[in-house]
**Student:** 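Let me give you the structure first, and then I'll get to my questions.
Residue numbers start from 1 in every chain, and the chains themselves are labelled A, B, ... in the order their sequence lines are given, proteins ahead of strands.
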2 protein chains.
Amino acid sequence: MRRTKQKEAILEVLRGTTSHPTADWVYNEVRKDIPNISLGTVYRNLRLLCQSGEILELDPCGALSRFDARRDNHYHFRCEKCDRVFDVDLPVDGEIDRRAAQKTGFEVSSHWLEFRGVCRNCQES
Amino acid sequence: MRRTKQKEAILEVLRGTTSHPTADWVYNEVRKDIPNISLGTVYRNLRLLCQSGEILELDPCGALSRFDARRDNHYHFRCEKCDRVFDVDLPVDGEIDRRAAQKTGFEVSSHWLEFRGVCRNCQES
DNA sequence: TTAGGTGCAAAACCTTTGCCATCCC
DNA sequence: GGGATGGCAAAGGTTTTGCACCTAA
């Protein structure tokens, strides 16, 4: 991967914040230094930096909205090969919300837990 | 919220699966019963059903991709008012992956944990 | 009767891609 | 020099919306 000022600037912006920004936010920040950078370049470099492992994409749900008729709080498993989502019937840990509240000082009302790995079907193939 | 055959059909499809389908998948299923239903109607009803609490949207990350220069495994907090994402420095629980693997029979390599609630800034306002 | 829902199509939105010029190695 | 990258704009895919017609209550 070649070093370019665009890539450096994007990485710098991302390292200078803990706000987990969107591509568009990064774009607007970087434009302060490189006014004519294009949004396409930002997307391309974010993708490249993800692939090289220099940054992470926060993408727990995949690109598309998904819906569930089951309304009780429960955990999920996402297969990294086929992208299917399964229910995981482990007991929901209420205690951890309290610990997070204590740590952050925020009101914590619930949490979302999604396991990652390979489902049985994809293990076989 | 008015009861219509379109809404009923969508709900029935959703209740008949545990696959956490996308809007488009629901659309194609419902078309088997109501061939001329429109995709817009599916989206509208999914939205309505979410609002009324009859279904849930699996949307842990919000609609947009977000990026993070921090690469170690850590937990997040999402404010339900301002939609900002913060880091939560609780120790990552490796044991729970093993329990999920036992429960499901899947290979579990990691998990994503996101707390929900109201951040300090939004509590004040 | 009428407020709310439907179908259709267009628009909006985010993200990716093709093309050619440019730049890094 | 030559392949990787950038800028620009167009295309792609998902979701929302405007509008005229319909329908459940």
**Student:** Below 3.5 Å between N/O atoms, which protein atoms pair up with nucleotides 18-21 of chain D? Just atom names and distances, please.
**Tutor:**
from: D:dG18; atom 1: O6; to: B:Arg44; atom 2: NH1; distance (Å): 3.2

**Student:** Checking B:Asp97 now: which residues fulfil side chain to side chain donor-acceptor pair (under 3.5 Å) with it, not counting sequence neighbours?
**Tutor:**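 Partners of B:Asp97 under the side chain to side chain donor-acceptor pair (under 3.5 Å) test: B:His111.
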
**Student:** Let me check the geometry of the helix from C:dT1-D:dA25 to C:dC25-D:dG1. What is the bend angle between the axes at its two ends, five pairs each, to 10°?
**Tutor:**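 Here the helix ends are tilted 40° relative to one another.
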
**Student:** Just checking B:Glu80: does its CD atom have more than 12 heavy atoms from other residues, nucleotides or ligands closer to it than 6.0 angstrom?
**Tutor:**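 Enclosed: over 12 neighbouring heavy atoms sit under 6.0 Å from CD of B:Glu80.
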
**Student:** Sort and list the pairs that fulfil ring pair (Phe, Tyr, Trp, His ring centres under 6.0 Å) and have at least one residue in residues 87-107 of chain B, not counting sequence neighbours.
**Tutor:**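 Found A:Phe77-B:Phe106, A:Phe86-B:Phe106.
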
**Student:** Does A:Ile37 reach a base, just sugar-phosphate, or nothing at all? Heavy atoms under 4.0 Å.
**Tutor:**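 Sugar-phosphate only.
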
**Student:** Can you list everything that forms a salt bridge (charged side-chain N to carboxylate O under 4.0 Å, His left out) with B:Arg98? Sequence neighbours excluded, please.
**Tutor:**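 B:Arg98 satisfies salt bridge (charged side-chain N to carboxylate O under 4.0 Å, His left out) with B:Glu95 once adjacent residues are dropped.
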
**Student:** Taking 4.0 angstrom as the limit, do B:Glu114 and B:Arg116 come out as a salt bridge?
**Tutor:**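 Result for this pair is yes, salt bridge flagged.
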
**Student:** Would you mind checking if A:Asp87 and A:Arg70 are paired as a salt bridge, meaning a charged N to carboxylate O distance below 4.0 Å?
**Tutor:**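 Here A:Arg70 pairs with A:Asp87 in a salt bridge, since their nearest N and O are under 4.0 Å apart.
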
**Student:** Anything under 3.5 Å between a donor and an acceptor, one on a side chain of residues 35-43 of chain A, the other on a protein residue two or more places apart or in another chain? List them.
**Tutor:**
from: A:Ser38; atom 1: OG; to: A:Thr41; atom 2: N; distance (Å): 3.2
from: A:Ser38; atom 1: OG; to: A:Thr41; atom 2: OG1; distance (Å): 3.1

**Student:** When the distance from OH of B:Tyr43 to C1' of C:dG5 is rounded to whole Å, what number comes out?
**Tutor:**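 Whole-Å distance recorded here is 19 Å.
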
**Student:** Hey, are A:Arg99 and B:Asp93 close enough for a salt bridge, meaning a charged N less than 4.0 Å from a carboxylate O?
**Tutor:**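 No.
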
**Student:** I need the residues from residues 24-36 of chain A with at least one non-hydrogen atom less than 4.0 Å from DNA chain C; give them sorted by number, or say none.
**Tutor:**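 Residues of residues 24-36 of chain A under 4.0 Å from DNA chain C: none.
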
**Student:** Taking OP1 and OP2 of C:dG7, is either one under 4.0 Å from a side-chain nitrogen or oxygen of B:Thr41?
**Tutor:**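 Answer is yes, contact under 4.0 Å.
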
**Student:** Report the distance from atom CD of A:Gln51 to atom P of D:dA4, rounded to the nearest whole Å.
**Tutor:**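 The distance from CD of A:Gln51 to P of D:dA4 comes to 14 Å, rounded to the nearest Å.
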
**Student:** To the nearest angstrom, how far is A:Leu46 atom CG from C:dT15 atom P?
**Tutor:**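 So the two atoms are 10 Å apart, to the nearest Å.
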
**Student:** Using the test side chain to side chain donor-acceptor pair (under 3.5 Å), find all partners of A:Tyr27 that sit at least two apart in sequence or belong to another chain.
**Tutor:**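 A:Tyr27 satisfies side chain to side chain donor-acceptor pair (under 3.5 Å) with A:Arg31 only.
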
**Student:** Can you check the B:Arg47 CZ to D:dT14 C1' distance for me, whole Å?
**Tutor:**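 About 11 Å, once rounded to whole Å.
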
**Student:** Could you state the atom-to-atom distance from CG of A:Asn45 to C1' of C:dT16 in whole Å?
**Tutor:**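 Rounded to the whole Å, the gap is 14 Å.
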
**Student:** Could you work out, with ring pair (Phe, Tyr, Trp, His ring centres under 6.0 Å) as the rule, every residue matching A:His76, not counting sequence neighbours?
**Tutor:**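 Ring pair (Phe, Tyr, Trp, His ring centres under 6.0 Å) check on A:His76 returns A:His74, A:Trp112, B:His20.
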
**Student:** Apply side chain to side chain donor-acceptor pair (under 3.5 Å) to B:Arg47 and list each qualifying residue two or more places apart in sequence or on a separate chain.
**Tutor:**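 By the side chain to side chain donor-acceptor pair (under 3.5 Å) rule, B:Arg47 matches B:Glu57.
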
**Student:** So which atom in A:Val118 and which in A:Cys79 form the shortest heavy-atom distance, rounded to 0.1 Å?
**Tutor:**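 Smallest heavy-atom distance, with atoms named: CA-SG, 4.0 Å.
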
**Student:** Among residues at least two apart in sequence or on other chains, which ones pass side chain to side chain donor-acceptor pair (under 3.5 Å) with A:Thr18?
**Tutor:**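 With neighbours one apart ignored, the set is empty.
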
**Student:** Does anything in residues 1-9 of chain B come within less than 4.0 Å of DNA chain D? Heavy atoms only, and list the residues if so.
**Tutor:**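 B:Arg2, B:Arg3 - these, ordered by number, are the residues of the stretch whose heavy atoms sit under 4.0 Å from the strand.
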
**Student:** Using whole Å, what does the distance between atom P of nucleotide D:dT5 and atom CD1 of A:Ile10 come to?
**Tutor:**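 It is 12 Å, rounded to the nearest whole Å.
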
